[in-house]
Protein chains: 2
Amino acid sequence: MAKDRKIDLVILGLLSHEDLTGYDIKKQIDSGISFFWKGNFGSIYPALNEMEKSGLVKKKQDKKSSGREKILYHITNDGKKALQEWLREERVSNDLKYETLLKIYFGGGEDRSVTLRNIEVFENQVKEELQILKIYKENLEKVIEEKDHINYYLTVTFGIDTCETYLKWCVKAKKLLRSGSDGSKNKR
Amino acid sequence: MAKDRKIDLVILGLLSHEDLTGYDIKKQIDSGISFFWKGNFGSIYPALNEMEKSGLVKKKQDKKSSGREKILYHITNDGKKALQEWLREERVSNDLKYETLLKIYFGGGEDRSVTLRNIEVFENQVKEELQILKIYKENLEKVIEEKDHINYYLTVTFGIDTCETYLKWCVKAKKLLRSGSDGSKNKR
DNA sequence: ATTGATATATATCATTTTGATATATTATAA
DNA sequence: TTATAATATATCAAAATGATATATATCAAT
């Protein structure tokens, strides 16, 4: 593991279960872990190329050579070792960027309706997210006895718990803004 | 507002309250909003330069010219307008990157102790964060009647609520991992 | 059968952000 | 007086973002 590229670990983690193309990797990021991680083709394909050079993954020709070119990647032993090292490394960075909170923080000089609207927009996004997470949870509960699934389940309940907290906060926040101690001074 | 540079809005938001140097801006990001946003000198200084060229901020010579060079920035009317536009724009991206959850998600093939340790590390980080946020909250409650403070207060309670949810989840997660339905199969 | 729309698949690029380092001054503590 | 921490600006390589280009495959509707 040469550098600090987080996308490498995501790729190795996904490849540790099955061989995948770059496109597959993007799809799995978008579906399985999008609540707490994002990925782009612009980082995935270059990472795959460099990881092949450094021996963490290797290319596999797709058996049926019919149709469009398709590059399947397979994790090597070095790749597995790198993944395990990272899993045991205690240094982690959880980087959260809530543009919503930025707008709330800086919205104090504007009319209250601006902040209220920003909270509503957030609330709607969270409600959507929560619905999806609940479906994931139901599906996982059907197969919870299988290997790996407890870990998946934990990330899903993390998402659900935080979403529910967000929604409760939205209700509280709107109430405070509407009837709060500063109700008269709508403008600065 | 030419592009998609989020750091511009952070800078404008901070400058809308008082004139600041690039260094001040970094300090205020680290202290006031670090729970939900981060910033680096490597993006702040270049952004200030470009925003000066495009007329969103202007340089102000520090009155007392004694000592080290120091460039104070002041928000212009165009800058204020850009800030207000952004506050009213409903498109937001809340990008969360939890390396902790990544390790939990991909840790299903390892010994349970690895995931347990990763949860503990997270738990400790959150506890520290929570302590700081509670101090912020107490301080804000003393001056809640002042302009802007309801908005600051809301971001702090958001942080506290989510931290407390994280901690509850940690307890649940550890319990499930220790006595879970899959307790026998420590290894894959 | 053909058209159009969507999904699959790789690749690249400009812009933005990160994280680190370089440089220099000022304040403070030992 | 000397070391160290805080202040202050600037720059750079590496990484991530978000968009676009290119091409094939699939599938439904005409």
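Computed from a predicted model, the values in this text were never measured in an experiment. Here is how names work: the chains are called A, B, and so on, in the same order as the sequence lines, proteins then strands, and each is numbered from 1. The figures here come from the full heavy-atom set of this structure, side chains too, leaving out hydrogens, waters and symmetry mates.
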Strictly distance-based, threshold 3.5 Å: is any side-chain N or O of A/Asn118 a donor or acceptor partner for the main-chain N or O of A/Lys103? no
Touch check for [X], heavy atoms < 4.0 angstrom, all strands: base, sugar-phosphate only, or nothing?
X       : value
A/Gly22 : sugar-phosphate
A/Ser43 : base
B/Lys26 : nothing

Would you tell me if any nitrogen or oxygen in the side chain of [X] comes within less than 4.0 Å of OP1 or OP2 on [N]?
X       : N     : result
B/Tyr23 : D/dT7 : yes
A/Lys27 : C/dT8 : yes
B/Thr21 : D/dT7 : no

For atom [atom1] of [X] and atom [atom2] of [N], their distance in whole Å:
X       : N      : atom1 : atom2 : result
B/Ile71 : C/dT25 : CD1   : C1'   : 14 Å
B/Glu99 : C/dG19 : CD    : P     : 10 Å
A/Asn94 : C/dT18 : CG    : C1'   : 16 Å
B/Lys38 : C/dT18 : NZ    : P     : 10 Å
B/Ile25 : D/dT7  : CD1   : P     : 15 Å
B/Leu20 : D/dT9  : CG    : C1'   : 15 Å
A/Lys6  : D/dA14 : NZ    : C1'   : 13 Å
B/Ile29 : C/dT18 : CD1   : C1'   : 13 Å

If you only use heavy atoms from C-beta on, which nucleotide in [options] is closest to the side chain of [X]?
X       : options                : result
A/Asn40 : D/dA16, C/dT10, D/dT17 : D/dT17
B/Ile7  : D/dT7, C/dT17, C/dA9   : C/dT17
A/Asp4  : C/dG19, C/dT16, C/dA9  : C/dG19
B/Tyr45 : D/dA10, C/dA11, D/dT17 : D/dA10

| said: Tell me whether B/Lys60 forms a cation-pi arrangement with B/Tyr73, defined as NZ or CZ under 6.0 Å from the six-membered ring centre and within 45 degrees of its axis. | reply: no
B/Asp78-B/Thr76 side chain donor-acceptor pair, cut-off 3.5 Å: no
- Query: Is there a donor-acceptor contact under 3.5 Å linking the side chains of A/Thr21 and A/Asp24?
  - Reply: yes
Result for 5'-nearest mapping on DNA chain D, choosing between B/Ser93 and B/Gly42, is B/Gly42
Result for 5'-nearest mapping on DNA chain D, choosing between B/Asp95 and B/Asp24, is B/Asp24
Within the supplied structure, the quantity of interest is the number of heavy atoms (other residues, nucleotides, ligands) at a distance under 6.0 Å from B/Lys58 NZ; does it exceed 12? no
